[in-house]
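Worksheet for the structure shown next.
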Amino acid sequence: MERLAQGDESALEELYARWSGPLLSFLYGMCRDRALCEDLMQGVFLKVWRAAPRYRPLAKFSTWLFQIARNHWLNEREKKMRRIRPVSLDAGGDSDAPRLVKAVESDAPTPDKVALSGELGDHIQAAVGRLPEKLRLVWMLGASQGLPYKEVAEILEIPVGTVKSRMFQAVRALRTELEPYVGIG
Amino acid sequence: MSAPSSPTPPGPTPPPDDVGAELLAHLMGGLEPAEAQALEKRLAADETLRAQHDALRAEVADLSRSAAPQPSKSGLARLLDTVEDEAAERRADVALSRSPIDAELGANLTALALGQLSGAAAERVERAIAGDAAAAAELASVHELVGATRTALHVQPRADGAAAVLELIAREGPPAVHFEDLDDVPAPGTARRGRLRFLRWLAPIAIAAVLVVAVSLGLGGRGSDAALVSTGQILHTDGDESGAQAARWIGSESGSVEFRAGDVLEAGHDRVAVRVRCDKRHGAPRADQPLSEGTAELTLEPGARLRRLSASHFELIAGRVDVVAMDLADRLEITSNTLYAAVRGTRFRVRAVGERLVVGVEEGEVEFGRRGTDAASERLRAGQQGLVDEDVLLVRDADGRDGGDAFLTPRATLEAGAETIGVGDDLALTAELAPGVGGAVEIAGFDASVPDFLVRLKGPSGRETEVTVQESMIVRASHALDGGGDTIFIRSDAPYRLELSLAIPDQETGRWEARLRYMSYRTQSRGVEWLGVVESEPVTFEVTR
């Protein structure tokens, strides 16, 4: 980060190489729109670049980075919601799923979906996408990214005990959603 | 919603958000059958509600027909989001209510499956579920779920992603703080290196210093429940509202701060002290006079978060708070989940560290312990320290050395690779940091830019030299060295170890002593908390010709 603060672009490249994967997976879990995630991720790295002179190594870099990513995602989502709302309430999909959710979340196949682990992957993505936001954040950071509860708590600014209980709630919700498909339920 | 070119005709007054959400959920089949029936009865009986329902139906139909993105004028978009999340929460609640195991055990099992529990806590959960088939199945399914999620949501960045970012920053120019665009970036803390230098000479007076707050601001505004008695920023979150949106930063110049039941105060980058009344009287106590009967002074370390539950009951959400309480009628309690510390009048400090509570007493006596099925408590006298979590309740004398913390600092050991070395030979040492009596602790790993690890050498003539460990001296390390001082949790089965090779600074032959010194502190979201200097027992070796 010191190198980054001094304008060393290669330092940003190194950070990108290390963190772009986890960051993109986190953002993808939150919004499930590949193109949007790429844009968001670029925005996050731009903010890291801009904020580098202010950075102090007081907490783990990953905590700071995921805080930026979460805030950036929330702000961009809010802006987007204020501006334009492209929805189709007639979106297709399996008949068991509430139409409302199908309407709000775009289920159009994306290139990465095709590359994922087939039908089960789709069901899992959909199930995670259908978690309430507060559970999805905890799940994506704690389970999907494997961050310690303490770090998740710092990123989301909630007590560790809340992370713990939300994680279990997410497990129950995901198991219920996935019950028809796999042994996971 | 209508397109901009076809304005919406005048209709019924829009319903309040919660009613609107319910109506919309009904229109879209998002209500449970019983809820839908109840709403339909209300619709049949209430003409206004029916009109709102019809208007909303028309709006939804318009929206569904629109082929292109439409600007949201009616707030329907926001409503959709609210309803979507509420529906998701309802589903999650239902799923939780149907869980075959109770929530507490489930949370522990999930934590166990994710590798989030320390050795002792993991063993306790494993013991609790031994022979329980439902729990074993739950554990297995969490493993499977985590693996499946990681696979399903793993996304590779575009190959040209880095180039795209570099192109962006090339247009941007060198890093510079664009304040107007940094809403998403968490506030920085105090520079760690500077803080460490400061703390090294501050250390011997650390405990005394944190209790002294004497900046008088002539405070006590009307309607305030706490008086600020030190400089520094404080984040106030109104208890009537939830989430960060209700939070605002208050500068010390305001002199007073509302601190009512439900409100949360969080210290910024500086320690902040507030005075509160712990009885039923209203208004903030005076900050420019000695503490009076029935009042208490709460000093929040940077990043500490404290919620007021009642006049004399506070919940420590995170960090550390130092308390001076003066002759209280009701006992003052600081709690963290089921853990608590309580007094009527004394001087003590409380830290919430993960799921542990650490209490140190300066004056008087403090009761601390845990509530619930496994309730237990102890009394701490001045000069003692206590630690309580779900497993243990420990009391011991505070470690007086440099204000070191008996529970939160690691235990340092140093071993010499040989009993005798020749003049000019390098000395092989193994430095180790391991948990102390309080269980797992966090440390900052080796960072070449910060002098956290030192070896103090004492020669045969009694002359002492302190060597700052440099990366070039490290032969092997238990943890990667490129973490730059990352926080590392050390457990008894996973200590932090550095194998060193040191050149003896002079050629003096005879018996030498070496000690490891480690500067212990822990990082928080808004700063570092000094814990003390940890020193190993000396190890001896002989230098011969």
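Each chain gets a letter, A, B and so on, in the order its sequence line appears, and its residues count up from 1. All values below were derived from every heavy atom in this structure, side-chain atoms included, with hydrogens, water molecules and symmetry-related copies excluded.
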Looking at side-chain heavy atoms only, is the closest gap between [X] and [Y] below 4.5 Å?
X: K150(A); Y: E442(B); result: yes
X: E138(B); Y: V171(A); result: yes
X: W49(A); Y: V165(B); result: no

Could you look at [X] and say if it's the side chain, the backbone, both or neither that has a heavy atom under 4.5 Å from chain B?
X: L147(A); answer: backbone
X: L23(A); answer: neither
X: F168(A); answer: both
X: Q169(A); answer: both

Mind listing the closest non-hydrogen atom pair of [X] and [Y] along with its distance?
X: R305(B); Y: I158(A); value: NH1-N, 4.2 Å
X: P157(B); Y: G21(A); value: CG-N, 3.7 Å
X: I124(A); Y: A148(B); value: CD1-CB, 3.3 Å
X: A152(B); Y: Q125(A); value: O-NE2, 3.0 Å

Practice prompt. Drop me the distance from R172(A)'s CZ to T110(B)'s OG1, to the nearest 0.5 angstrom.
Written response: 9.0 Å

Item to complete: Would you indicate whether E104(B), at its atom CD, is surrounded by more than 12 heavy atoms from other residues, nucleotides or ligands within a distance under 6.0 Å?
Response: no

Worksheet, complete the sentence: Counting heavy-atom pairs under 4.5 Å with chain B, the top scorer among P159(A), P148(A), A170(A) is P148(A)

Worksheet entry | Between G43(A), A173(A), G142(A), S144(A), the one whose heavy-atom pairs under 4.5 Å with chain B are most numerous | S144(A)

Response to the item:
Checked L166(B), I317(B), N337(B), V142(B) vs chain A; the most non-hydrogen pairs under 4.5 Å come from L166(B)

Worksheet item: Under a 4.5 Å heavy-atom cutoff, which of A140(B), A137(B), G106(B), A111(B) has the most pairs with chain A?
Response: G106(B)

